[in-house]
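Below is one structure, written out as structure tokens; comments come after it.
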Amino acid sequence: MGQNDLMGTAEDFADQFLRVTKQYLPHVARLCLISTFLEDGVRMWFQWGEQRDYIDSTWGCGYLVASTFVLLNLLGQLTGCILVLSRNFVQYACFGLFGIIALQTIAYSILWDLKFLMRNLALGGGLLLLLAESRSEGKSMFAGVPTMRESSPKQYMQLGGRVLLPG
């Protein structure tokens, strides 16, 4: 078998693989972008008592307010993840998840912690990509090809998401 035969076989394999997996890749991409929210929501479910006690001791707000905060955080994250994965109300889900990021930043006093700031910027970048993907774009003469004269909010969201995501 020569080098050209191997290259042809590799290309054929890659084409076949992409044909088979093409329908699943958008779902996998969405799952990757929201995986942090999903993991955090599930962890809150299993560590309910620890989370509630931490909020209560940090804020000194009492059992009921701490429980309400943890419940709001848990439901907000899991509901947002389910809506994004099911492709229903994706814009509302993303705005809700942006709210969760802001809420956690305030609640856990992590605004000035560089590690968590970078994490939150990356999460925001992922949400911007999800928002951009969910927006419908008008018809143009060159479908899917960006033009120099026209710039849409979707393109700016994609740029912002791509810049923030590696954070």
Side-chain angles (χ1 to χ4, degrees), residues 17-18 20-138 144 146 151-167:
F17 179 78
L18 286 175
V20 171
T21 61
K22 187 176 172 180
Q23 61 186 348
Y24 302 110
L25 289 177
H27 302 293
V28 171
R30 273 187 227 92
L31 180 64
C32 289
L33 289 172
I34 61 154
S35 62
T36 300
F37 294 107
L38 189 60
E39 180 272 331
D40 200 29
V42 170
R43 186 172 39 80
M44 284 195 160
W45 176 267
F46 288 109
Q47 295 179 350
W48 177 271
E50 293 92 345
Q51 295 288 327
R52 181 198 58 230
D53 293 343
Y54 176 79
I55 293 298
D56 184 21
S57 68
T58 303
W59 289 1
C61 60
Y63 188 82
L64 182 63
V65 173
S67 294
T68 304
F69 170 79
V70 174
L71 181 66
L72 175 70
N73 211 343
L74 181 146
L75 290 177
Q77 290 185 86
L78 293 181
T79 303
C81 290
I82 289 167
L83 290 175
V84 166
L85 290 174
S86 67
R87 299 182 83 169
N88 292 315
F89 307 107
V90 174
Q91 290 184 349
Y92 296 117
C94 287
F95 288 129
L97 292 172
F98 274 123
I100 293 292
I101 292 172
L103 185 67
Q104 286 182 350
T105 300
I106 294 166
Y108 295 110
S109 303
I110 54 176
L111 183 61
W112 306 116
D113 186 345
L114 186 62
K115 175 183 165 189
F116 282 103
L117 176 65
M118 289 299 166
R119 172 190 173 268
N120 287 348
L121 288 174
L123 289 174
L127 292 176
L128 277 175
L129 288 174
L130 286 170
L131 270 174
E133 190 246 350
S134 72
R135 290 183 68 119
S136 60
E137 192 142 309
S151 59
S152 69
K154 180 177 178 175
Q155 289 176 328
Y156 288 119
M157 285 192 295
Q158 286 176 329
L159 174 63
R162 288 174 182 155
V163 168
L164 291 174
L165 193 61

**Request:** Using ring pair (Phe, Tyr, Trp, His ring centres under 6.0 Å) as the criterion, list what pairs up with W59, not counting sequence neighbours.
**Result:** F69

**Asked** For L131, does its backbone N or O pair with a side-chain atom of S134 as donor and acceptor, under 3.5 Å?
**Response** yes

**Message:** So which atom in C61 and which in A66 form the shortest heavy-atom distance, rounded to 0.1 Å?
**Reply:** SG-N, 3.8 Å

**Fill in**
Heavy-atom closest pair (H27 atom, L85 atom, distance to 0.1 Å) is O-CD2, 4.3 Å

**Request:** State, with a plain yes or no, whether a side-chain heavy atom of L38 is found less than 4.5 Å away from one of L78.
**Result:** yes

**Request:** Please indicate whether F98 has more than 12 foreign heavy atoms, meaning atoms of other residues, nucleotides or ligands, lying under 6.0 Å from its CZ.
**Result:** yes

**Prompt:** Which residues pass the side-chain contact (heavy atoms from CB on, under 4.5 Å) test with L72, sequence neighbours left out?
**Reply:** L103

**Request:** Give the minimum heavy-atom separation between F37 and C81, together with the two atoms involved.
**Result:** CB-SG, 3.6 Å

**Request:** Could I get the full list of side-chain contact (heavy atoms from CB on, under 4.5 Å) partners for T105, not counting sequence neighbours?
**Result:** I101, I110, L111, N120

**Separation between CG of D40 and CD of Q104, rounded to the nearest 0.5 Å** = 5.0 Å

**Message:** Please report the interatomic distance CH2(W48) to CG(L74), rounded to the nearest 0.5 Å.
**Reply:** 6.5 Å

**Request:** Among L127, T79, L130, find the residue that satisfies the side-chain contact (heavy atoms from CB on, under 4.5 Å) test when tested with L97.
**Result:** L127

**Asked** With sequence neighbours excluded, what pairs up with S86 under the side chain to side chain donor-acceptor pair (under 3.5 Å) test?
**Response** N88

**Complete:** CZ of R119 to CG of L117, rounded to nearest 0.5 Å, is 11.5 Å

**Message:** For R52 versus S67, what's the shortest heavy-atom pair and its separation?
**Reply:** CD-OG, 3.0 Å

**Asked** Considering all heavy atoms of both residues, which atom of L33 and which atom of G126 are nearest to each other, and what is their separation?
**Response** CD2-CA, 3.8 Å

**Item:** Residue list, side-chain contact (heavy atoms from CB on, under 4.5 Å) with Q47, at least two apart or on another chain
**Value:** R43, E50, Q51

**Prompt:** Excluding sequence neighbours, so at least two apart, what forms ring pair (Phe, Tyr, Trp, His ring centres under 6.0 Å) with Y54?
**Reply:** Y108

**From N73 atom CG to T68 atom OG1, the distance as rounded to the nearest 0.5 Å** = 12.0 Å

